[in-house]
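Worksheet: the structure to be examined is printed underneath.
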Amino acid sequence: MTSDIMRILFIGDIVGQPGMAMVKRAVPLLIAVEKIDLVIANAENASAGSGLTAGAYHQIRQAGVDLVTLGDHIYKKQEFISVLEKDDRVCKPANFPADAPGRELIHAVARDGTPVAAFCLLGRTFMRPVDCPFQAADRILAALAGQCGCVVVDMHAEATADKYLMAHHLKGRVSAVLGTHTHVPTADEQVLPPGTAFISDVGMTGPYDSILGRRIDRVLSSTITFVPSSFEVASGDPRLAGALVEIDPASGRATAIRRLMVNEADLANLERKQALRQTTQEPMTEPAAQV
Ligand SMILES: [Fe+2]
Ligand SMILES: [Fe+2]
């Protein structure tokens with residue numbers, strides 16, 4: 001039995017241990033507080049800032065993430081290739097070569113009973129050459145026709161124009177086109193008629209006292225002196241960044257999108273409220289922290 005409105009939480013690039021710690025603490029709380037029906041996360045930077053290990057993947061899933069998308073760092077941890085070949089909740093970019101390990105489309109049934117499909121695409125501006133993302137999206141949607149009305153697309157791209165182009169190519173054909181990869185949240189969330197939620201980038205889930213998740217001193221010195229150094233994951237100011245999308249399950253059309261940013265103080269507040277809620281058994285009505 002589906003509800004009137006399905007709520008999907010989409011989480012941007014999880015970066016290293018700070019990002020993992022935020023996911024483990026925040027996702028269960030957000031599911032309860034925001035009445036989330038399905039959680040999707042991009043986890044391409046979850047393990048040491050580059051790639052994903054099997055252990056981290058299972059921790060992300062255990063935290064409540066239903067579907068996992070990836071990006072250009074997908075194969076940085078060799079051990080994860082066997083997971084990509086077997087597991088049906090994690091996908092490779094759909095415009096990768098057919099022989100690249102992993103599936104291009106994933107499915108889950110949301111908590112309200114609505115089937116949801118998801119896939120990710122890589123942009124082609126200032127990125128490694130890949131197949132046409134527009135043709136890849138068309139191919140997948142043709143294969144999906146009539147089988148699943150709620151479809152979420154992770155557009156993993158460097159250029160905002162690539163993301164706008166994909167959103168307009170897919171408007172009215174998918175529920176949401178949500179941007180990842182730049183690790184910097186944008187303020188352009190909107191619902192494109194007749195019902196496709198869009199944002200250029202939801203931002204990263206990781207340390208914001210950083211250069212896109214990496215230690216400022218390392219990146220800065222390397223940039224100024226040209227002497228290479230290891231770009232370790234930073235630790236300060238961890239935050240969870242994402243978007244909350246409301247979808248009419250009957251039509252698959254999005255009705256609303258809201259940016260979400262949860263820092264340590266917000267998280268402590270959520271934990272306190274959740275503890276109070278469990279004590280009193282009263283339903284929560286206050287929204288979680290937002291931008
Ligand atoms: Fe990326
Ligand atoms: Fe990333």
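For ligands, and for the atoms within them, numbers begin at 1 and follow the listed sequence.
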request  = Determine, stepwise, if the pair Arg25 / Glu264 fulfils salt bridge (Lys or Arg N to Asp or Glu O under 4.0 Å).
outcome  = CA-CA 10 Å; Arg25 285 177 64 194; Glu264 287 272 25; 3.1 Å; yes
In terms of side-chain geometry, is the basic nitrogen of [X] or [Y] positioned less than 4.0 Å from the acidic oxygen of its partner?
X      : Y      : result
Arg103 : Asp88  : no
Asp87  : Arg89  : no
Asp266 : Arg239 : no

query = So, does Thr196 use its side chain to make a donor-acceptor pair with the main chain of Leu192 at under 3.5 Å?
reply =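 Answer holds: no.
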request  = Evaluate the ring planes of His168 and Tyr164, with Trp represented by its six-membered ring, and classify them as parallel (under 30°), tilted (30 to 60°) or perpendicular (over 60°).
outcome  =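 Answer is parallel, since the angle falls under 30°.
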task = Mind listing the protein N/O/S atoms less than 2.8 Å away from the Fe ion (ligand 2)? Waters don't count.
result =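 Hits for the Fe ion (ligand 2) below 2.8 Å: Asp13 OD2, Glu44 OE2, Asn45 OD1, His183 NE2.
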